[in-house]
Amino acid sequence: MKIYDTSTRSLVALPERPGPVRMYFCGPTVYQRIHVGNARPFVLSMWLRRWLIECGYDVTLVENITDVNDKIYDAARAEGIASTDLAAQAAAWYVEDTALLGLGRPDVEPLVTETMPEIVGLIEDLVARELAYEADGDVYFRVRDFEDYGCLSRQRPDDVQEQEPNAAKEDPRDFALWKGQKPSEDAHWPSPWGDGRPGWHIECSAMAEKFLGTDFEIHGGGLDLVFPHHENELAQSRGAGREFAKIWMHNGMLQLTGEKMSKSLGNIATLREVVEEWGRETLLLYFMTGLWRNPIDFSIDAMDAAASQVESFRNALRSGGAPSEASPAADSANDAGWQELVAALEDDFNTAAALAIFHGWRATGQHALLRRGLALFGLDGLEVEDAVPPDLAALARARVAARAAKDFDEADRLREQIEQAGWGVRDTVSGFELVRRR
RNA sequence: GGCGCCGUGGCCGAGAGGUUAGGCAGGGGCCUGCAAAGCCCUCUACACCAGUUCGAAUCUGGUCGGCGCCUCCA
C-alpha cells in the first residue's frame, strides 16, 4: 500500500501488515453547520480506515473536534450566547451531519477542551527545552531555534511575509502556543502562565500524542492546512523530542466557486443540505470520482452524473438476486477480479480507478464482487428497496391485467397514477417491478 | 514577492514515453403494445510554443490560464 506523502512529495509505502497504522486527521472547528467540503477529509479517512482494515491492518483513527478557537468566540459573541454553548451545539451538529454519510465514526473524536492537561504539559516541555517563551501571559514557539522549520511546506522562514507585528514576540515568525485571556473571550483555562487558552496548532500535537503516542503513521487534513497549521504541529512535536507523523496526507479542496451552483440551487453548501438534496450515496460516489489529493469541482452536473451512476449500480443489484447469493465460494472464485481492485487502491488509494472497476463488474454481472467493493465505500445496501405501498402494488397488478386484456389506455393510465405517487413500474418476464423514483 | 498544485474529448474525471480508462450527456439500433431498465454501435482528448526521443498527452524549458497557502484571525 502506497500513499502520496506531502513532506517527501512522493509515494511512501505503509509498513508491513498488520502495521499498526495509526492515523490522525484534522477535524473541523465547530461554530456552524459544516460545509460539504469539510466532509472530504472525513470521508477519506473513514474510507481509508475501512480499506486498511480490509487489507489486514491494525488501524486506529483519531479525528479531533476543535472546540476552542477565535472563530467560535466571534460567532458566539455575534449571536449573544456563551462560546462553550455554541461549541457544544456545533460539535453535536458535526457528529449528526457526518453520521448522515453512514460511514461510522472514527475510533476517537477528542475535544480540545478535554485535552487541556496534555496541551499544557506539551507547552511546558517546549519551554523547558527553550523552544518556547512566555511573554505577557502568552507563550510563543521560537521558530528560529527549530532548524527543520519549513520541511513540510518547503516554506523558507525568511521568505514568509510578516503579518501584523506583535511587539511581545521575539521574532515575527514565532507563533502562539498559549494565549492569555482577552476581555472579549468568555471561556478560559488555567495554566502556569495565567488563564487563557491554547493556540490552534498545539492542540493537535497534544491530541495526536494522547491517543496515538509520540509517533504514528499518517497525519491527514485539508491541503489548506499544510502551512502554517501542520508545519507548526510538526515543529512543536519534533521540537519536543517526538518523532510525530511519518506520512502526511493532504486532501484537495472542494471548489465551490462556480456561480452555476449558487444561482441555480440557492445556498446548497452545507453537508446536510447536500445529503438531503442528493442522497448520501450520490455524494459518496461523487467523492470517489476524483483522486483524493486533487481538487474537485462541486457542481450540479457533477452531482447529476454521480446520481446516474448510483442508479446504474442500484439497477444492476436490484435485478441481480438477493445478497445471500454472495457466497464465500463465489467470492474466492472471483479472487482474481478482487485483486484488480486491490491493485487500484494500493496505488495511492485511487478511487476513480476503483469506480471504473466497479462499472466493469456491473456490466459483466459480477454482483458478489460489486457488492463487496461498493460496501467498502459505504455504498452497500443500494438494492434495499423501500416497502411498496399496498395500493400501488394493487395498481400495478391491475395494470398487468389491463395489458393482458390489451387495454393499453387503461394500462398507461395506471402507470401514470403510479408515477404520480413517486414510483416507477417496469415490466419484467415474471410480471412487474415497482421502484422508488429518485 | 515567496512556497506549492493543476490545465485531458460537450461535462466530470483516471492514466503517464509506443498498447481501450471509466462515467455522465448526445446520436443510431435491439428489446417493449408504448415505456422503463438493460444491451449493442457511435461522435468528440490530452492549454500553447519550443526542445529531448525512432516515438510525448506522458520527460525538459518557456508562455498563458486556474487554484491553495504565506504565522493569533483554516
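Only heavy atoms go into these numbers, but all of them, side chains included; no hydrogens, no water, no symmetry mates. Throughout, a chain's letter reflects where its sequence line sits, starting with A, and its residues are numbered from 1.
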Check against ring-ring contact (aromatic ring centres under 6.0 Å, His included), A:F216 and A:F244: CA-CA 6 Å; A:F216 53 96; A:F244 211 52; 5.1 Å; yes
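- Position along RNA chain B of the nearest nucleotide to A:L223 versus A:Q309 favours A:Q309 as the more 5'-ward residue.
- Atom CD in A:Q155 sits about 8 Å away from atom P in B:G4, given to the nearest Å.
- Proximity of A:E124 to A:W193: side-chain heavy atoms (C-beta onward) are separated by under 4.5 Å at one or more points.
- When distances run from any side-chain atom of A:K182 to the nucleotides B:C72, B:C24, B:A21, the shortest one goes to B:C72.
- Minimum atom distance to the side chain of A:L291 is reached by B:A14, of the listed B:G22, B:A14, B:G33.
- Set against B:C12, B:A37, B:A14, the side chain of A:R426 has B:A37 as its closest nucleotide.
- Comparing B:C34 with B:A25, their P atoms sit 23 Å apart, to the nearest whole Å.
- In this structure, A:L355 atom CG and B:A21 atom P are separated by 17 Å, rounded to whole Å.
- Taking each heavy atom of A:L392 and A:W423 in turn, the nearest pair found is CD1-CD1, 3.3 Å.
- Between the A:Y73 side chain and the A:A187 main chain, a donor and an acceptor come within less than 3.5 Å of each other.
- A distance of 6.0 Å or more separates the ring centres of A:H250 and A:Y4.
- Distance CZ (A:R437) to C1' (B:A37): 12 Å, rounded to an integer number of Å.
- The aromatic ring centroids of A:Y286 and A:F298 lie less than 6.0 Å from each other.
- Helical stems in RNA chain B, defined as runs of 3 or more consecutive Watson-Crick or G-U wobble pairs with donor-acceptor distances under 3.5 Å: B:1-7 with B:64-70, B:10-12 with B:22-24, B:26-30 with B:38-42, B:47-51 with B:59-63.
- Atom-to-atom, CG of A:D427 to P of B:A36 comes out at 12 Å; the value is rounded to the nearest Å.
- The number of heavy-atom neighbours closer than 6.0 Å to CG of A:D136, taken from other residues, nucleotides and ligands shown, is 12 or below.
- With distances taken from any side-chain atom of A:T289 to the nucleotides B:A35, B:C12, B:C3, the minimum falls on B:C12.
- Residue A:R362 places at least one side-chain N or O closer than 4.0 Å to OP1 or OP2 of B:C39.
- Nucleic acid contact for A:G290: sugar-phosphate only, since backbone atoms but no base atoms lie under 4.0 Å from a heavy atom of the residue.
- Residue contacts shown for A:H229 are absent, as no nucleic acid heavy atom lies under 4.0 Å away.
- Phosphate proximity of B:C73 to A:K179: absent, as no side-chain N or O sits under 4.0 Å from OP1 or OP2.
- Counting distance only, with no hydrogens placed and no angle test, the side-chain atoms of A:R415 and the base atoms of B:C34 include a donor-acceptor pair under 3.5 Å.
- Rounded to an integer number of Å, the gap from CG of A:N232 to P of B:C70 is 11 Å.
- Between the CG atom of A:D174 and the P atom of B:C73 there is a distance of 13 Å, given to the nearest Å.
- A donor and an acceptor atom sit less than 3.5 Å apart, one in the side chain of A:Y149 and one in the base of B:U71.
- Annotation: proximity of residues 62-87 of chain A to RNA chain B (heavy atom, distance under 4.0 Å) is found for A:D70, A:K71, numbered in ascending order.
- Here B:C11 is the nucleotide among B:G38, B:C11, B:G33 with the atom lying nearest to any side-chain atom of A:D301.
- Comparing the C1' positions of B:U60 and B:C43 gives a spacing of 35 Å, expressed to the nearest Å.
- Looking at heavy-atom distances under 4.0 Å, A:R154 makes contact with sugar-phosphate atoms alone, never a base.
- A donor atom on one side chain and an acceptor atom on the other are not found under 3.5 Å apart for A:Y94 and A:N38.
- A:V143 comes within contact range of no nucleotide atom at all, as no heavy-atom separation falls under 4.0 Å.
- Ionic pairing of A:E416 and A:R413 is not present here: no N-O contact between side-chain nitrogen and carboxylate oxygen is shorter than 4.0 angstrom.
- In this structure, A:W248 atom CH2 and B:C69 atom P are separated by 18 Å, rounded to whole Å.
- Using a 3.5 Å distance cut-off with no hydrogens or angles, the side chains of A:D5 and A:S7 do pair a donor with an acceptor.
- Comparing the same atom, C1', in B:A47 and in B:G9 gives a spacing of 14 Å after rounding to whole Å.
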Verdict with reasoning, A:R144 to A:E170, per salt bridge (charged side-chain N to carboxylate O under 4.0 Å, His left out): CA-CA 10 Å; A:R144 97 173 87 82; A:E170 292 177 358; 3.5 Å; yes
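- With C1' as the reference atom, B:C41 and B:C49 are 39 Å apart, rounded to whole Å.
- Candidate nucleotides B:A16, B:A21, B:C39 were compared by shortest atom distance to the side chain of A:A363, and B:C39 ranks first.
- Among the nucleotides B:C12, B:G15, B:C70, the one closest to the side chain of A:F227 is B:C70.
- Nearest heavy-atom pair across A:W178 and A:G137 is CD1-O, 3.7 Å.
- At whole-Å resolution of the value, CD1 in A:I296 and C1' in B:G68 are 15 Å apart.
- Nucleotides B:G18 and B:A37 are separated by 39 Å at their P atoms, to the nearest Å.
- For the P atoms, the distance from B:C5 to B:A21 is 27 Å, rounded to whole Å.
- Nearest heavy atom pair, residue A:P110 against residue A:E63, reads CD-O, 3.5 Å.
- Among the heavy atoms of the strands lying under 4.0 Å from A:R403 is at least one base atom, whether or not backbone atoms are also near.
- When each of A:T115, A:T66, A:N64 is paired with A:E203, the side chain to side chain donor-acceptor pair (under 3.5 Å) condition holds for A:T66 and for no other.
- For RNA chain B, the neighbouring residues in residues 190-200 of chain A, judged by any heavy atom under 4.0 Å, are A:W200.
- Listed nucleotides: B:C72, B:G13, B:C24. Nearest to the side chain of A:A352: B:G13.
- A sub-4.0 Å separation between OP1 or OP2 of B:G13 and a side-chain N or O of A:N350 is absent.
- Here the side chain of A:R399 is nearest to one of B:G23, B:G4, B:G33, namely B:G33.
- On a pure distance criterion of 3.5 Å, a polar donor-acceptor pair joins the side chain of A:D412 and the base of B:G33.
- Rounded to the nearest Å, the gap between the P atom of B:C48 and that of B:G7 is 13 Å.
- Checking each of A:T351, A:N350, A:L48, A:L44 against A:W292 for a side chain to side chain contact (heavy atoms under 4.5 Å, CB included) leaves exactly one that passes, namely A:L44.
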